[in-house]
Protein chains: 2
Amino acid sequence: MGVSKTEAFTQADVIIAKYAKALAHPARIAILRILLERRSCICGDIVEELPLSQSTVSQHLKELKEAGLIKGDVEGKKVCYCIDEKVWKEAQQLLQVLFADYTPCGTSCC
Amino acid sequence: MGVSKTEAFTQADVIIAKYAKALAHPARIAILRILLERRSCICGDIVEELPLSQSTVSQHLKELKEAGLIKGDVEGKKVCYCIDEKVWKEAQQLLQVLFADYTPCGTSCC
DNA sequence: CCTTATGATCGTAAATTTACGATTATAATT
DNA sequence: AATTATAATCGTAAATTTACGATCATAAGG
């Protein structure tokens, strides 16, 4: 996105934005849902479930992996992905806290 | 981001991705935090709080507004922004449900 | 009416994203 | 060893994002 001023923001904001970015595409949400459902950790069956090419799915998987939300294990010639519990819960917590920070204002504002 | 195949995914996934995308930049997280803190609905004070130009902040505000998370009221020559309670809570709910869907798998997977 | 302040919009440059086909690397199979 | 299947990576086109200065529109104040 051209010249993101990452260094100008708090670490917390950068991290939460990173997780949000990983979730910022319907294909990646769909991938995560598949991973959530088939807890048995599938791999390239994901490609068959989605209307995207193998390379595109691979790219989305890479982004999820780079954000830390998922991890992949090589099992023979297949690769098995699953959600990384620790990171998943951290993201959940950070977002939860952010959203919970809201308290409705009185009649004075919008 | 070049040719997003929005139509190929479920409505739910598109919506959740939309909210995530709104949160996918540290500057927008920072803006939301300001709005969460000063519940009194500030406007261009945001510009002074952030290390970004007025036009850039205005652009981020526009994106948050387009996602529905915030709304802006014109008050004289100033514009007053605040969080849209209804949308905020919807986003919170959708993300919460997604994250809560996780159940740790046994020893069989990664 | 003219000036000033506020904030949106325009135009632009640079980086990034999304998507795909083609290629490559690796492991399993024959 | 040759073939096959799986998935990563490369290369590329098109769209989008981020950031900024400059400009525009509007409302308040003089």
Side-chain angles (χ1 to χ4, degrees), chain A residues 1-9 13-14 17-32 34-35 41-67 70-82 110, chain B residues 1-9 13-14 17-32 34-35 41-67 70-82 110:
Chain A
M1 311 110 163
V3 208
S4 218
K5 298 179 87 172
T6 301
E7 75 288 351
F9 304 100
D13 289 355
V14 171
K18 181 186 73 175
Y19 292 136
K21 195 171 174 182
L23 302 176
H25 194 289
R28 290 194 289 273
I29 299 292
I31 290 173
L32 289 171
I34 295 172
L35 258 30
C41 299
I42 347 82
C43 48
D45 306 84
I46 298 168
V47 175
E48 287 181 18
E49 290 230 33
L50 298 180
L52 297 170
S53 75
Q54 181 262 317
S55 57
T56 303
V57 171
S58 199
Q59 216 173 303
H60 283 302
L61 286 168
K62 190 182 172 190
E63 272 165 78
L64 287 168
K65 211 160 57 175
E66 275 169 0
I70 68 172
K71 50 189 175 176
D73 260 23
V74 181
E75 303 211 341
K77 63 176 153 186
K78 307 201 176 182
V79 176
C80 167
Y81 283 103
C82 67
C110 349
Chain B
M1 312 109 160
V3 209
S4 217
K5 296 181 90 173
T6 302
E7 75 289 351
F9 304 100
D13 288 356
V14 171
K18 180 186 74 175
Y19 291 136
K21 194 171 173 182
L23 301 176
H25 194 287
R28 292 195 288 274
I29 300 292
I31 290 173
L32 290 171
I34 294 172
L35 257 31
C41 299
I42 347 82
C43 48
D45 305 86
I46 297 168
V47 176
E48 288 182 16
E49 289 230 32
L50 299 179
L52 297 170
S53 74
Q54 181 263 318
S55 57
T56 302
V57 170
S58 198
Q59 216 172 303
H60 283 302
L61 285 167
K62 190 182 171 189
E63 273 166 79
L64 288 169
K65 210 159 58 176
E66 274 169 2
I70 66 172
K71 52 188 175 176
D73 260 23
V74 181
E75 304 208 341
K77 62 176 155 186
K78 307 202 176 181
V79 176
C80 167
Y81 284 102
C82 67
C110 353

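Quantities reported herein were computed from a predicted structural model and do not represent experimental measurements. In what follows, chains are A, B, ... by sequence order, proteins preceding strands, each numbered from 1. Just the heavy atoms: all of them, side chains too, but no hydrogens, waters or symmetry mates, feed the values below.
Straight-line distance from the CD atom of Gln54(B) to the C1' atom of dA22(D): 11 Å, rounded to whole Å. Between the CD atom of Glu66(B) and the P atom of dT17(D) there is a distance of 9 Å, rounded to whole Å. Rounded to an integer number of Å, the gap from Leu64(B) CG to dT17(D) C1' is 14 Å. Glu63(B) places its CD atom 14 Å from the C1' atom of dA8(C), with the value rounded to the nearest Å. Counting to the nearest Å, the P atom of dC20(D) and the CG atom of Leu61(B) are 14 Å from each other. For His60(A) and dC20(C), the NE2 to C1' distance is 11 Å, given to the nearest whole Å. Summarising the geometry, the separation between NZ on Lys77(B) and P on dA27(D) is reported as 11 Å, rounded to the nearest angstrom. For the pair Glu75(A) CD and dT26(C) P, the interatomic distance rounds to 18 Å; values are reported in whole Å.
Looking at heavy atoms from C-beta onward, Phe9(B) lies in side-chain contact with Leu52(A) at the 4.5 angstrom threshold. Contact annotation: the side chain of Leu64(B) never approaches that of Leu35(B) to less than 4.5 Å [non-hydrogen atoms, C-beta and beyond]. Between Ile70(A) and Leu32(A) the shortest side-chain heavy-atom distance falls below 4.5 Å. Looking at His60(B) and Ile46(B), their side chains never come closer than 4.5 Å, going by heavy atoms from C-beta outward.
For the OP1/OP2 pair of dC20(D) and a distance below 4.0 Å, the side-chain nitrogens and oxygens of Thr56(B) include at least one atom meeting the criterion. Residue Tyr81(A) has a polar side-chain atom (N or O) positioned under 4.0 Å from OP1 or OP2 of dA8(D).
Nearest to the side chain of Ser53(A), among dT18(C), dC20(C), dG21(D), sits dC20(C). Minimum atom distance to the side chain of Lys5(B) is reached by dC20(C), of the listed dC20(C), dT9(C), dA8(D).
Nearer to the 5' terminus of DNA chain C, by closest-nucleotide assignment, is the contact made by Ala27(A) (compared with the other of Ala27(A) and Gly76(A)). Sequence order on DNA chain D of the closest nucleotides to Ser58(A) and Arg28(B) puts Ser58(A) first from the 5' end. Residue-to-nucleotide proximity on DNA chain D shows that, of Lys62(A) and Phe9(A), the 5′-proximal contact is made by Lys62(A).
Counting heavy-atom neighbours within 6.0 Å of Lys78(B) NZ, excluding the residue itself, gives a total of 12 or less.
Among the protein residues, Leu52(A) comes within range of the sugar-phosphate backbone only, with heavy atoms under 4.0 Å from sugar or phosphate atoms but none that close to a base. Here Gln59(A) lies in heavy-atom contact (under 4.0 Å) with a base.
Residue Ser55(B) places a side-chain atom within donor-acceptor reach of the base of dG21(D), judged by atom type and a 3.5 Å distance cut-off alone.
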